[in-house]
Enquirer: 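Okay, here's the structure, questions in a sec.
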Amino acid sequence: MFKEAPSSSIERVDRAGAARPLPKPGILDIHAYVPGKATAAGIAEPIKLSANENPLGSSDKAYEAYATAERSLHVYPDPRATIIRTAIAERYRLDPERLIFGCGSDEVFALLNQTFLEPGDNMVQGQYGFAAFAIGANACQAEVRRAPEPNLCIDVDELLTCVDERTRIVFLANPGNPTGTWIPFSEVRRLHEALPPSVVLVLDGAYSEFALDPDFDDGLDFARTSTNVVVTHTFSKLHGLAALRIGWGYAPLEIAQAVDRIRLPFNTSIAAQRAAVAALADEDFQQATLDLTQTWRPWLTQQLSGLGLDVVGPSATNFVLVGFPDHSQRTSAQADAFLSSRGLLVRAVGIYGLANHLRITIGLEAHNRALVEALAEFMAQ
Ligand SMILES: Cc1ncc(COP(=O)(O)O)c(C=O)c1O
């Protein structure tokens, strides 16, 4: 188990006697989130494959709905996000009162952390868990426990080894970012069965729509009857609304109501609510996104493997994680720089402890071909 910032060992300082305001203990130990690169020196329009955005853009219907918000800039949004609450409840046959909306699913994680973690508590996640989980937990002065992920995949037994009487939340992104790997639902169920009922199990389904194996399940059905499971989803990936920052969670009523007490009142905008409703209804756009992924994911995997790279997986997401084997005598940092110089932006994942890997979003055909061509040149150097 890898532990981080245990709250008991956080250094206490005399903040009242300080010459200037000091953040509470632990805050300055947090590594701020590092987003995927968006610019390449000297290249006006680089190809951005660094943030797992939707290469098709957004649904035309979402653009139209967004435009209708143009004359509402002076009005506060509906704090309950009723239009999207109703739309999601209908689409997935859910109880609308149990839905939580956030400024991205990131905010839903932060709200859950704030609701359940106090100093001395711990949050358990996989070794390569999505960065936002731990940032929020550390901000609550909780301990973050990272369970080893052998073969870059979640291991339920390792997660369970980390759980003790001070565990309040287990975060599981399935499929995971940055690994792209997933565990079958039988394993999620086994994890849930072994957890004390007092622990919240968060199943982050940001990439779940891209996981097409029949053994995969996002857990939403399971969450209907569970008292401690929260399933989260985002409009940032499949629906291509990353800029609008809207995500949601489905929680037991008591959890949804508790979270609602601390949620900032107007946390999703009018434009986001309207565009999300339109995007949710545009199944053609969703299918086009899935078709694109299904076409190019195996192609990229095959091509990159053919270059001697270790493609982690198989990926069940809209990206692939690629390792540079030691014997290749090429490093991911060199590859990253080379790709940037060609206007191809990918994601270094050193902050996840993956010093010699790159995460690459599956793009449009031209993007994928350009990427493989550039990497082939790099590997041949
Ligand atoms: C695993 C995972 N969960 C959640 C999110 C956050 O998504 P959102 O844009 O809804 O905050 C991301 C974003 O990249 C992610 O990779």
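Keep in mind the model is a prediction, meaning the values are calculated, not measured. Every number for a ligand or one of its atoms is a count from 1 in the order of the listing.
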Enquirer: Which of the atoms of ligand 1 are close to Ser236, meaning less than 4.0 Å from one of its heavy atoms?
Expert: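 Every atom of ligand 1 under 4.0 Å from some heavy atom of Ser236: 8 (P), 9 (O), 10 (O).
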
Enquirer: State the atoms of ligand 1, each with its element, that fall below the 4.0 Å cut-off from a heavy-atom position in Asn177.
Expert: 1 (C), 15 (C), 16 (O)

Enquirer: Looking only at heavy atoms, is any part of Arg245 under 4.0 Å from ligand 1, and if so is it the side chain, the backbone, or both, or is it neither?
Expert: side chain

Enquirer: Quick check on Asp204 - does any of its heavy atoms sit under 4.0 Å from an atom of ligand 1?
Expert: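 Per 4.0 Å heavy-atom rule, Asp204 contacts ligand 1.
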
Enquirer: Would you say Lys61 has more than 12 foreign heavy atoms packed within less than 6.0 Å of its NZ?
Expert: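 No, not enclosed.
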
Enquirer: Residue-level breakdown please: for Tyr207 versus ligand 1, do any non-hydrogen atoms fall below 4.0 Å on the side chain, on the backbone, on both, or on neither?
Expert: side chain

Enquirer: Has Gly247 got any heavy atom lying under 4.0 angstrom from an atom of ligand 1?
Expert: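 The answer is no: ligand 1 sits nowhere under 4.0 Å from a heavy atom of Gly247.
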
Enquirer: Looking at atom 6 (C) of ligand 1, what's its closest protein heavy atom, distance included?
Expert: Asp106 OD1, 3.2 Å

Enquirer: For His239 and Asp282, does a side-chain donor sit closer than 3.5 Å to a side-chain acceptor?
Expert: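 No pair is found: no donor N or O on one side chain lies under 3.5 Å from an acceptor on the other.
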
Enquirer: Do Phe130 and Phe133 have their ring centres less than 6.0 Å from each other?
Expert: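 That pair passes the under 6.0 Å test.
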
Enquirer: Can a cation-pi geometry be assigned to Arg168 and Phe116, taking NZ or CZ under 6.0 Å from the six-membered ring centre and within 45° of the ring axis?
Expert: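 No, a cation-pi geometry is absent between Arg168 and Phe116.
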
Enquirer: Output the list of atoms in ligand 1 that are nearer than 4.0 Å to some heavy atom of Thr234, sorted by atom number.
Expert: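 By the 4.0 Å cutoff, the relevant atoms are 7 (O), 8 (P), 9 (O), 10 (O).
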
Enquirer: Measuring from non-hydrogen atoms of Phe109 to any atom of ligand 1, is the shortest distance under 4.0 Å?
Expert: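 A heavy atom of Phe109 does come that close to ligand 1.
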
Enquirer: Any donor-acceptor pair under 3.5 Å linking the side-chain atoms of Thr167 with those of Asn122?
Expert: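 A pair is found: one side chain offers a donor N or O, the other an acceptor, under 3.5 Å apart.
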
Enquirer: For atom 12 (C) of ligand 1, what's the nearest protein heavy-atom neighbour? Residue, atom name and distance, please.
Expert: Phe130 CZ, 3.4 Å

Enquirer: What atoms in ligand 1 come closer than 4.0 Å to a heavy atom of Gly104?
Expert: 8 (P), 10 (O), 11 (O)

Enquirer: Run the numbers on Glu143 and Arg145 for salt bridge (Lys or Arg N to Asp or Glu O under 4.0 Å), then give the verdict.
Expert: CA-CA 6 Å; Glu143 175 190 331; Arg145 295 184 167 187; 2.7 Å; yes

Enquirer: Determine, for Trp296 and Arg369, whether the Lys NZ or Arg CZ falls below 6.0 Å from the six-membered ring centre while staying within 45 degrees of the axis.
Expert: no

Enquirer: I'd like to know whether ligand 1 has Lys237 as a neighbour, heavy-atom separation below 4.0 Å.
Expert: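 Within the 4.0 Å threshold, so yes.
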
Enquirer: Using a 4.0 Å heavy-atom threshold (strictly under), name the region of Ser105 that reaches ligand 1: side chain, backbone, both or neither.
Expert: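 For Ser105, the contact with ligand 1 is made by both the backbone and the side chain.
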
Enquirer: Give a yes or no on whether the backbone of Asp204 and the side-chain of Ser208 come within a donor-acceptor separation of less than 3.5 Å.
Expert: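 No.
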
Enquirer: Around Phe216, counting heavy atoms of other residues, nucleotides and ligands shown, do more than 12 lie under 6.0 Å from its CZ?
Expert: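 Check passes, neighbour count above 12.
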
